Amino acid sequence: MEQFKIVVTDYIEPDLNWEEEELAKYDNVRFEVHQLKFAPQEELIAAIRDADVVVVNMAPMTAQVIGALERCRLIIRHGIGYDNVDLKAATSNGIRVANIPDYCPEEVAEHTIAHLFACYRQVVFSRKVLEESSRKGLWDFSGVPRMFRLSGKTLGIVGCGRVGSRVLRKTKGLEMNYLICDPYLSEERKRELGIECVDLETVLKGSDIVTLHTPLNEETHHMISGPQLRTMKQTAYLINTARGPIVDVEALALALRENWIAGAGIDVYDKEPPDPSYPLFGLENAVLTPHLAWNSEEAGWDLRVKILEDIRRFMEGKPPRFVVNAEVEEVLGRRK
Ligand SMILES: NC(=O)c1ccc[n+]([C@@H]2O[C@H](COP(=O)([O-])OP(=O)(O)OC[C@H]3O[C@@H](n4cnc5c(N)ncnc54)[C@H](O)[C@@H]3O)[C@@H](O)[C@H]2O)c1
């Protein structure tokens, strides 16, 4: 029987006992767990050199590390992003790289809706009003920004994939109108969702809240900058739970300071965590959360279950559910 060695380079869970128990059910699997996020490269290489499958959270899988792997055929990135894995090196070495892009769309949609309410109902600002009124001994609502009824307003969704489509579904009871921009949705998918798409400018012009759910790539980098913010309504809010660099944060800071728009809800940053000089710190019309949209007990478990599913698929000779370096198939094809 073929023997498999599965090695975890680093992990964020309290322990991986569940994975160990699950994999102990197979006679032909050796499962090793390390915490090598900050270890010297030689130590990382020594731990994974003869692994068939490497599961990595944050340890840097550089070209040098990948080049030293003798048997590896699959690297699984614990999470969605995979910028700590040198994809080119993996591809040229015939190693599939998998990520788990579908463990937390419910949470990110819920967090987006939390931002929607936090912005529209001034939830964070209200605390200051409460404490000041308490000090004065009488209600003082003089500094409260103008508030509007959400019902009947228009929600602009930019990117209607896993997260965006859930925001659409989950907000249906709020009696809002929608403007949706996603140039890559198939006609069939649009029919399924019961939507029509418009261009970005139409979304920006017509929406009371604009929420971003695109991937970060060359096309979407700074997709929202000065001119786009100028296009939005003065009473509108911008929400970004997708990726920091989709929004030009300097332009957003200016827009918030000069009231081009009413406010913003942000969960993601160019640099993470952001430096203390982050331009939105100190702006009262910015609701800020620390890249936690993904987080829940359930999502944490889904991630573990889905990683184990990919390990099982590997042992059955099947590719993982999501391969991020599709070009590797050509390399693997040439080797057959
Ligand atoms: N804050 C968090 O904790 C967290 C967690 C998970 C995901 N995310 C981020 O959320 C975003 C959405 O994730 P997802 O799983 O829904 O991705 P997805 O791939 O399922 O959906 C993205 C959608 O954006 C569309 N799109 C691509 N380019 C576009 C453009 N230029 N204009 C409009 N639409 C465009 C695509 O067609 C697709 O439908 C990603 O940026 C992801 O990294 C954040």
Side-chain angles (χ1 to χ4, degrees), residues 12 57-58 77-85 98-116 118 155-171 178-193 195-204 206-207 210-225 228 231 238-249 264-274 287-300 302-303 306 321-324 326:
I12 52 171
N57 182 42
M58 291 308 291
R77 158 72 188 134
H78 176 287
I80 300 176
Y82 41 84
D83 34 279
N84 58 325
V85 182
N99 68 341
I100 314 292
D102 57 345
Y103 76 98
C104 61
E106 302 296 338
E107 284 76 6
V108 183
E110 288 167 7
H111 202 80
T112 301
I113 296 165
H115 269 282
L116 188 155
L155 177 61
I157 299 178
V158 183
C160 202
R162 273 182 287 264
V163 176
S165 63
R166 282 172 171 81
V167 171
L168 174 70
R169 194 186 70 212
K170 288 173 192 287
T171 51
Y178 296 95
L179 284 171
I180 296 169
C181 165
D182 190 329
Y184 304 107
L185 274 194
S186 67
E187 289 306 318
E188 191 192 344
R189 184 65 181 141
K190 283 190 255 185
R191 262 196 308 279
E192 268 172 21
L193 293 170
I195 59 168
E196 282 173 18
C197 286
V198 295
D199 62 16
L200 180 61
E201 197 182 341
T202 308
V203 172
L204 296 172
S207 302
V210 174
T211 182
L212 307 175
H213 301 291
T214 68
L216 172 63
N217 54 35
E218 265 176 38
E219 188 193 357
T220 62
H221 183 268
H222 284 194
M223 180 169 65
I224 304 296
S225 189
Q228 291 73 28
T231 305
L238 177 72
I239 297 173
N240 185 11
T241 59
R243 283 291 176 263
I246 296 172
V247 177
D248 174 351
V249 74
I266 304 289
D267 185 55
V268 285
Y269 304 89
D270 290 54
K271 178 172 177 274
E272 299 213 351
V287 176
L288 306 172
T289 52
H291 200 153
L292 265 187
W294 55 275
N295 185 39
S296 78
E297 292 293 311
E298 291 86 348
D302 273 4
L303 181 56
K306 285 173 180 186
R321 296 173 325 121
F322 296 97
V323 178
V324 291

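Model, not experiment: these values are computed from the prediction. Each ligand, and each atom within it, is numbered from 1 in the order the structure gives.
- If you look at T220 next to ligand 1, the close heavy atoms, those under 4.0 Å, all belong to the side chain.
- For OH of Y178, the number of neighbouring non-hydrogen atoms (other residues, nucleotides, ligands) closer than 6.0 Å is greater than 12.
- Near C104, meaning under 4.0 Å from one of its heavy atoms, ligand 1 places the atoms 5 (C), 6 (C).
- Near V108, meaning under 4.0 Å from any of its heavy atoms, are these atoms of ligand 1: 4 (C), 5 (C), 6 (C).
- Here D182 has heavy atoms under 4.0 Å from ligand 1 in both its backbone and its side chain.
- Contacts with ligand 1 closer than 4.0 Å are made by heavy atoms of both the backbone and the side chain of R162.
- Atom CD of E297 has 12 or fewer neighbouring heavy atoms from other residues, nucleotides or ligands inside a 6.0 Å radius.
- No salt bridge links R166 with E107; every basic N to acidic carboxylate O contact stays at or beyond 4.0 Å.
- Between G161, S186, C160, A293, it is G161 that holds the heavy atom closest to atom 21 (O) of ligand 1.
- Near E219, meaning under 4.0 Å from any of its heavy atoms, are these atoms of ligand 1: 31 (N).
- Those atoms of ligand 1 that come under 4.0 Å of a heavy atom in P183, given as number and element, are 32 (N), 33 (C), 34 (N).
- For ligand 1, the atoms closer than 4.0 angstrom to any heavy atom of V268 are 1 (N).
- Not a single heavy atom of P105 sits under 4.0 Å from any atom of ligand 1.
- N84 places a side-chain heavy atom less than 4.5 Å from the side chain of R77.
- Contacts between H111 and ligand 1 below 4.0 angstrom, taking non-hydrogen atoms only, are absent altogether.
- Applying the salt bridge (Lys or Arg N to Asp or Glu O under 4.0 Å) criterion to D270, with sequence neighbours excluded, gives no partner residue.
- Residue-to-ligand polar distances keep P101 apart from ligand 1: every N/O pair is separated by 3.5 Å or more.
- With a heavy-atom cut-off of 4.0 Å, I80 touches ligand 1 through its side chain alone.
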